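Single-structure report; data block below.
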Amino acid sequence: MFLSEITAGAKIREEEMIVCVAVVGHQNNPLYIQSFTDADDALKLHHIVHCSLDVVDERVNNPKKSGPTLNETFLGLLYPTENYKVYGYLTNTKVKFILVTTDLDVRDGDVRNFFRRFHAAYVDAVSNPFHVPGKKITSRTFADRVSTIVQSFGLSSAV
């Protein structure tokens with residue numbers, strides 16, 4: 001009885017969390033985009049990721065108006081839409097990480113933890129001697145690690 005309730009809760013929680021993650025190069029070229037929804041939503045999510053790059057550029061180029069301090073890599077909430085919230089992270093090499101979630105009550109700490117783990121996975125992937133810098137990330141290990149990070153998103157706050 002309890003197991004079925006937990007499983008049902010996990011499925012509901014999984015459906016309302018991360019729907020897309022992306023790694024975008026310093027020249028705004030997509031290095032990795034993975035959506036975790038139906039194929040119908042994938043194009044819409046790619047559009048949301050593309051639009052978020054304008055917000056990232058605005059925050060980086062105009063730090064006085066809004067956005068992080070010079071040492072802050074977490075850009076926070078880039079913009080909310082009716083169904084999604086979009087968060088950003090900027091590495092010191094100007095590579096951008098974009099997170100799209102349907103959970104409208106997500107905690108900043110959970111998002112920061114996600115980006116910290118995602119950044120570590122990215123560093124491991126591009127440190128591979130067979131990876132060509134600036135090219136798409138095609139590593140199966142990276143994709144598996146991203147899936148694991150996405151599945152565990154927000155679980156620390158649920159316990």
Side-chain angles (χ1 to χ4, degrees), residues 6-63 65-69 72-123 125-126 136-140 142-159:
I6 292 171
T7 307
K11 286 181 183 174
I12 291 169
R13 183 161 180 75
E14 190 176 298
E15 290 174 358
E16 62 186 28
M17 295 305 274
I18 296 176
V19 292
C20 183
V21 294
V23 177
V24 181
H26 67 280
Q27 295 177 336
N28 289 341
N29 54 321
L31 301 178
Y32 181 83
I33 296 179
Q34 177 64 47
S35 58
F36 299 95
T37 61
D38 299 332
D40 297 339
D41 290 340
L43 186 59
K44 178 170 59 171
L45 293 170
H46 287 224
H47 178 71
I48 289 172
V49 167
H50 182 74
C51 291
S52 69
L53 297 177
D54 292 336
V55 179
V56 170
D57 288 341
E58 182 180 318
R59 288 198 184 174
V60 170
N61 295 330
N62 302 321
K65 293 181 182 176
S66 66
T69 60
E72 182 69 43
T73 56
F74 178 64
L75 300 174
L77 179 66
L78 298 178
Y79 69 93
T81 65
E82 186 175 323
N83 300 321
Y84 304 108
K85 278 191 170 181
V86 183
Y87 292 89
Y89 182 94
L90 183 69
T91 68
N92 56 356
T93 57
K94 305 298 182 212
V95 173
K96 301 155 200 77
F97 299 154
I98 307 296
L99 167 69
V100 182
T101 179
T102 56
D103 186 1
L104 302 180
D105 296 325
V106 69
R107 297 182 190 177
D108 249 11
D110 289 340
V111 177
R112 284 178 185 268
N113 186 37
F114 169 83
F115 279 129
R116 184 180 52 76
R117 294 176 65 200
F118 191 73
H119 192 180
Y122 168 77
V123 168
V126 298
K136 289 191 178 216
I137 300 170
T138 57
S139 167
R140 186 74 181 137
F142 178 72
D144 293 342
R145 253 181 102 178
V146 168
S147 294
T148 302
I149 294 168
V150 166
Q151 289 171 357
S152 66
F153 178 74
L155 293 181
S156 60
S157 64
V159 175

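Since this is a predicted model, take the numbers as computed values, not measurements. One is the number of the first residue; the rest follow in order along the sequence.
Here the NE2-CG distance, from His47 to Leu43, works out to 9.0 Å after rounding to the nearest 0.5 Å. Distance OG1/Thr138 to OH/Tyr32: 10.5 Å, rounded to 0.5 Å. Between Ser139 atom OG and Arg145 atom CZ the span is 9.5 Å, to the nearest 0.5 Å. Between Asp110 atom CG and Met17 atom CE the span is 6.5 Å, to the nearest 0.5 Å.
Listed by chain and number, the residues in a ring pair (Phe, Tyr, Trp, His ring centres under 6.0 Å) with Phe36 amount to none (sequence neighbours excluded).
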List the steps, then state whether side-chain contact (heavy atoms from CB on, under 4.5 Å) holds for Arg117 with Ser152.
CA-CA 11 Å; Arg117 294 176 65 200; Ser152 66; 2.8 Å; yes
Step-by-step side-chain contact (heavy atoms from CB on, under 4.5 Å) determination, Leu78 to Arg59:
CA-CA 9 Å; Leu78 298 178; Arg59 288 198 184 174; 4.0 Å; yes
Stepwise side-chain contact (heavy atoms from CB on, under 4.5 Å) check, Val19 with Asp41:
CA-CA 9 Å; Val19 292; Asp41 290 340; over 6 Å; no
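Within the 4.5 Å cutoff, side-chain heavy atoms of Leu99 are placed close to those of Val111. Taking 4.5 Å as the limit, every side-chain heavy atom of Thr37 sits out of range of all side-chain heavy atoms of Thr102. At least one side-chain heavy atom of Asn28 sits less than 4.5 Å from a side-chain heavy atom of Asp57. Looking only at side-chain heavy atoms (C-beta outward), Val150 and Phe114 come within less than 4.5 Å of each other.
Every pair passing ring-ring contact (aromatic ring centres under 6.0 Å, His included) that includes a residue from residues 75-106 is listed here, sequence neighbours excluded: Tyr89-Phe97, Tyr89-Phe115, Tyr89-His119, Phe97-Phe118, Phe97-His119, Phe97-Tyr122.
Among the candidates Ile48, Leu45, Val49, Val23, the single residue satisfying the side chain to side chain contact (heavy atoms under 4.5 Å, CB included) test with Ile98 is Val49.
A donor-acceptor pair shorter than 3.5 Å can be found between the side chains of Thr93 and Thr91. Remark: the Lys136 side chain and the Asn29 side chain contain no N/O donor-acceptor pair separated by less than 3.5 Å.
Looking at Lys85, its side chain never comes within 3.5 Å of a backbone N or O of Val100 through a donor-acceptor pair.
Across all non-hydrogen atoms, the minimal contact from Cys20 to Ile33 is SG-CG2, 4.1 Å. Minimum interatomic distance between Phe142 and Ala125 (heavy atoms only, all atoms of both residues): CD1-CB, 3.7 Å.
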